[in-house]
Every structure is written in structure tokens, then in C-alpha cells.
Peer 1: 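I'd like to ask you about the structure that follows.
Residue numbers count from 1 along this sequence. Predicted model, so just to flag it, every value in this text is computed and none were measured. As the structure lists them, so they are numbered: ligands from 1, and atoms in each ligand from 1.
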Amino acid sequence: MNQEKVIVIDFGGQYNQLVARRVRECNVYCEIYSYKTDLSKIKEMNPKGIILTGGPNSVYEEGAATCSKELFEMGIPVLGLCYGAQLMSHVLGGKVERAANREYGKTETSFDTTSKLFTGIPETSIVWMSHFDYISKLAPGFKSVAHTDNCPVAAAENEDAKLYAIQFHPEVLHTQYGKEILFNFVRNICACEGSWRMDSFVETQIKDIREKVGDGKVLLALSGGVDSSVLAALLAKAIGPQLTCVFVDHGLLRKNEGDEVEEVFGKSGNFDVNFVRVNAKDRYYAKLAGVCEPEKKRKIIGEEFIRVFEEEAKKIGAVDFLAQGTIYPDVVESGLGGESAVIKSHHNVGGLPDFVDFKEIIEPLRNLFKDEVRKAGLELGLPEYLVFRQPFPGPGLGIRIIGDVTEEKVRIVQDADAIYREEVALAAEEWKKQNGIGAEERSALSVSERFEAAYNSNPSWMPDQYFAALTNMRSVGVMGDERTYDYAVALRAVRTVDFMTAEAADIPFEVLQKVMSRIINEVRGVNRVMYDLTSKPPGTIEME
Ligand code: XMP
């Protein structure tokens, strides 16, 4: 596939993935590589443009992350951001020094709009700054094309050499015209056509999968989450009944979730694949009986998954391929792509490959960001409720029930959670209807318009993740004339970008009140509902 691409060279900045995502939003394919990557390898990839990210170092420090001068002499347009901008200046003969004060936050900036980078944007606007060092002397051939009160070189360029350096962060939303600036770089300066689209990705993947798999057999552990569902749909379209999906229902899923997955991928669904649902609820409950310690519960659930899957895999026998729903952030975060390796603390399907008799792993989604996986899902005809599903932990409700797990407690948390999700979804849909993008209108839109309307146009309080949990606390209440002694349900709802830090979401009080009253009235065994206001840190999103 001869896909035009831009390469992001990662110097360890916190926004590296965001830069790549923003480039892809300009319909230009983009990959992230560590600054340690050989220049020859970069040349081989023949990128249409290169972007250098921010990073934690100072360019003048000994041992600071660096790059060779040659990178700027290949005739390929280069855009340096923050540390990347300072590095470009430093390597090409300018000077970078430490300022007396750090420039941090939203900053008014003046732009020379005759620069190709700033074409079409106003002469002054707000940008996001975060730097101590600044470019105190321009490299030869460069001129300043933006400044702030404290920073004489907020951006510099050498137009003839196609080199651009910007001190602020166009990739974060706080920069008012960040999108336009990145668009100007990739589409105008790098002259990318903008051919990266989900429909063509799906088409090429289907072709590639067919070529690779031939008449081989493929096995997939389907969890019902977004990634594995989209992967199943993609493989189903490509190779149909050569695919076997094994779906382990551990009895710790959300209410009706097992049936929903079966409806989509089972016999009555639109996909012609072998679908095996293993109802392993009793096994899990037996193993978990009386176990209260969170890590122990996680371990039991993980190990039991392997055991159940192994048994199923044995029944199926040898397969040619094992499909995995790895996505691009997994690749980058495991250190294979960029520089800033985040240690992944959660693994759903640890060690699975060891237990299956297969020849090769296939990972057709490994180049996609999560949003792109969702778009691919819509493209493949999966229902919105599956495609826009919020994250759900591998150990499921097992870690949303504090203390020991029983069938009764699972029922309580499932019922309370279903009411909570239903009411929040209703309130959000009502909001969307009033803002002119209701479900009916959405169904007539193209995939990318639908994605925007359904996913990116939510009320500001809409949580990124929300669920009910069982506190394991019982307290006294009164219902009718009777004293009760029942459980307290906790409602959690967070706003977050990366799930590493989070704030409690401010769901409207009337919605919460309705949820509370429905839970108390409809869920037997609950007489109290609490709203968890804790941020992360110090709290985690899940309770265990
Ligand atoms: P915490 O609770 O660590 O959660 O703040 C951060 C995000 O990770 C999800 N999570 C898990 N996902 N297996 C998973 O696949 C797990 O064991 C697990 N524990 C937490 C959690 O739902 C949230 O999105």
C-alpha cells in the first residue's frame, strides 16, 4: 500500500499521540517513531512531512534527546513543536536559553499571517504555551513569524528550506487555531492530498486480510468491547465462516451484554461467522466465592479466562491465525512506536497466545487510534451502542462489587447500572435532539458526520465513563412503614482524556435524582444511592 504519510518524531512529550491524531484528522496518515530511529529508516519511509514533538529536556543539556542536522537537509518539510522547535534552532545554529519565568497556559499571540503556516487565521489569537526555554537567537535563514509579550519567537520559519518551528502546542484544543495550523502544514506545505479515510482503510484491510489468510482458519477471543467487536466485524466481512469467535461470558458483564453480543455475532446477526458463547458464570462464581481482596479477585478472573479459553481452543483444534485487537496506542505505549512509553497496568488477555495452537498472530487494527476504530465499526455496520461503548474492565463487575462477589450482588449492580446508563443516555439524547442532531437525523448521515454527531457532540457534562458499583455497605432506611437494612449503591461518573487522571462529571442534579429514585424503587436490596465525587488521583476510576 503506497499510503502518503507524515512522521511524528517523538522526543518524549506528553502530547505525542495527540499530534498524530490531529494529523490524521486532516485525513493524512501519520505514524510515531522514537527520536532514536535511524535516519535511513525514516528516509526509506519516504514521508511527505516530519513533525518533531515536545519533550522534557533542555536542548543544551548534556545527553539531551537530539537529532542529526541531516534531518533538516532532506528537502522534506519539518515542523518542530516546543522542544522540537528549540531543537531545530539549536541544531541549525540558533541559540536556546532558559527564560527568567516559565511561560505557561493560554497566551495571546500575534501571527504573521503571510506565513504559509498561518494562512487564513486571525492576526492575534490564544495558544497553549508550556516552556521554560526559549529561542533567544534565530538560526541562519530563519525569521520570526509569531510572538507573545514574553516570547519574541513564538514561531520561526525558513520558507525556502521548508522548516517551521513553533514554540506553542497546536495539537491541544486550548490553541484556538491549532487545527488550522496543522492543516496548513500537512495539506499545504507538505502537499498531502488527504486520502486517509475510513472507508478506504476498511476496503484495503479486507483485501489484505483475504490475501494473507487465504483459506486458513482464524480464531478470535471476542470480549464484546469496541476493539474486539470491530475486529470481528472486519474479519467477518473479509473471510466469513473461516473465523471462529469465542465469547466467554463470565457472568460479570453488564446487564444483557452477553445477549447483545450474541445478537450481533450469533446466528441471528448479520455476520456469517462461527460464534461460540461459553456460559462460564457458575465456574467464575464458584471460584470467587468468599474472596474479598481486589487483586486476588482480578487474578482469579484472569486465570479462569485463560482456562476456559484453552478448553474451547482445544475443541476447535489447530488454527492458522490468532487475531488480536491491538490498536495504535497499545503499540506506542508498549514502547514499539514512540518514546514516551506509558507502562500499561491493565491487560485483559494476558498470555493467551501460549494456550492456543496457531501459526501466526494477525492484528488488523494495529495502526488505528480508538476514534478510528469506532469509525471503522460504523463503516462495517455495527450498531451505535456497540461502537460507542464506554471502556469496561476485563474483570468486569467483579471489581465493581466491593468485597465478595455473589449472584445476588451481581444482579443488584447490573440492575442499578442499567438504570443509570439508560437515564444518562436519555438525557444526553434529549440534549442532542434539542441541538438538532437527534438519532433519527443521525441515521441519514455519512459515517464521519454520524461519528461527529453521535460521539463528539455531547452535552458538556457527558461522562467519558460512568457506572454503578456496589459499596458492600449496608445501612438503615425506611420504606413505607418498614425499617430496611440494605445495600448502598455508588454512582461513578468521570470526565477524562486519557483515563490516567479524571474529574467527577457534573451530571445534572435532576438526572441523578431520577436515577436514585428509580434504583431505590426498582432494584430490590438497595436503600441508598451515593454519588462519588472523587478525582483521580487520589481515587481510581474503578473502586477496586
Ligand atoms: P482505574 O480504576 O485504574 O481505571 O483508574 C482506569 C481505566 O482502566 C479501566 N480498568 C481496567 N481495564 N482491565 C481492564 O481492561 C482491568 O483490570 C482494569 N482495571 C481498570 C477502568 O475501567 C478505566 O477505564
Side-chain angles (χ1 to χ4, degrees), residues 17 220-231 247-255 257 261 284 287-288 291-306 308-309 324-334 342-352 365 369-371 373-374 386 388-403 405 410 413-414 416-417 420-421 424 455 462-472 490-505 532-544:
Q17 291 196 30
L220 167 70
L222 180 64
S223 72
V226 179
D227 303 341
S228 69
S229 299
V230 172
L231 179 55
F247 169 56
V248 177
D249 184 346
H250 52 23
L252 301 165
L253 296 169
R254 286 164 290 196
K255 192 171 179 178
E257 197 170 357
V261 172
Y284 276 87
K287 283 262 153 102
L288 286 167
V291 181
C292 296
E293 215 274 304
E295 282 310 305
K296 210 162 164 200
K297 288 202 277 184
R298 266 173 207 276
K299 206 158 166 238
I300 290 172
I301 297 168
E303 280 173 6
E304 201 54 20
F305 178 83
I306 302 269
V308 174
F309 198 86
Q324 290 199 326
T326 315
I327 68 171
Y328 199 52
D330 303 330
V331 175
V332 176
E333 283 163 20
S334 63
V342 176
I343 309 299
K344 264 214 128 171
S345 48
H346 307 303
H347 291 280
N348 278 343
V349 193
L352 193 54
L365 306 179
F369 282 111
K370 192 82 180 186
D371 288 0
V373 176
R374 294 187 204 273
L386 245 181
F388 295 120
R389 213 161 236 181
Q390 42 170 330
F392 185 67
L397 302 182
I399 57 167
R400 291 183 179 169
I401 294 170
I402 296 175
V405 175
V410 171
V413 85
Q414 276 180 338
D417 184 68
Y420 188 25
R421 283 188 290 130
V424 169
Y455 192 63
M462 188 67 189
D464 297 294
Q465 190 173 8
Y466 64 104
F467 54 86
L470 192 63
T471 62
N472 206 28
L491 303 179
R492 186 82 167 124
V494 294
R495 298 276 298 157
T496 175
V497 176
D498 54 8
F499 296 87
M500 310 291 266
T501 61
E503 298 288 331
D532 185 350
L533 290 175
T534 323
S535 308
K536 172 184 180 178
T540 49
I541 294 174
E542 302 291 346
M543 303 224 171
E544 285 200 334

Peer 1: Using distance alone, determine whether Ile541 and ligand 1 share an N or O pair under 3.5 Å.
Peer 2: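 So ligand 1 has an N or O lying under 3.5 Å from an N or O of Ile541.
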Peer 1: Under 4.0 Å from any heavy atom of Lys536, which atoms of ligand 1 are there?
Peer 2: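 In order of number, 1 (P), 3 (O), 5 (O), 6 (C).
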Peer 1: Nearest non-hydrogen atom to atom 23 (C) of ligand 1 belongs to which of Gln390, Glu542, Met543, Gln465?
Peer 2: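 Of the listed residues, Gln465 has the closest heavy atom.
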Peer 1: Pair Met543, Arg400 - check side chain to side chain contact (heavy atoms under 4.5 Å, CB included), show working.
Peer 2: CA-CA 6 Å; Met543 303 224 171; Arg400 291 183 179 169; over 6 Å; no
Peer 1: Of the side chain and backbone of Pro393, name the one, both, or neither that has a heavy atom under 4.0 Å from an atom of ligand 1.
Peer 2: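 Looking at Pro393 and ligand 1, atoms from backbone and side chain both fall under 4.0 Å.
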Peer 1: Within a distance under 4.0 Å of any heavy atom of Arg298, pick out the atoms of ligand 1 and give their elements.
Peer 2: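 Listed by number with element, the hits are 16 (C), 17 (O), 18 (C), 19 (N).
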Peer 1: Would you say Asp464's side chain and Thr496's backbone share a donor-acceptor pair under 3.5 angstrom?
Peer 2: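 Yes: the side chain of Asp464 pairs with the backbone of Thr496.
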Peer 1: Checking Arg492 side chain against Thr534 main chain: does a donor-acceptor pair fall under 3.5 Å?
Peer 2: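 Judged by distance alone, yes, a pair lies under 3.5 Å.
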Peer 1: Which atoms of ligand 1 are found less than 4.0 Å from any heavy atom of Thr540?
Peer 2: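 Those atoms are 1 (P), 2 (O), 5 (O).
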Peer 1: Check whether any side-chain N or O of Arg298 sits under 3.5 Å from a backbone N or O of Glu544 as a donor-acceptor pair, and report yes or no.
Peer 2: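 Between the backbone of Glu544 and the side chain of Arg298 there is a qualifying donor-acceptor contact (under 3.5 Å).
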Peer 1: Using a strict cut-off of 4.0 Å, indicate which atoms of ligand 1 neighbour a heavy atom of Gly394.
Peer 2: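 Here the atoms of ligand 1 in question are 13 (N), 14 (C), 15 (O).
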Peer 1: List the residues meeting side chain to side chain contact (heavy atoms under 4.5 Å, CB included) with Val261, not counting sequence neighbours, and say none if there are none.
Peer 2: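 Val261: side chain to side chain contact (heavy atoms under 4.5 Å, CB included) contacts with Leu222, Phe247, Phe265, Phe275, Arg389.
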Peer 1: Could I get the full list of side chain to side chain contact (heavy atoms under 4.5 Å, CB included) partners for Glu503, not counting sequence neighbours?
Peer 2: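 Glu503 satisfies side chain to side chain contact (heavy atoms under 4.5 Å, CB included) with Ser535 once adjacent residues are dropped.
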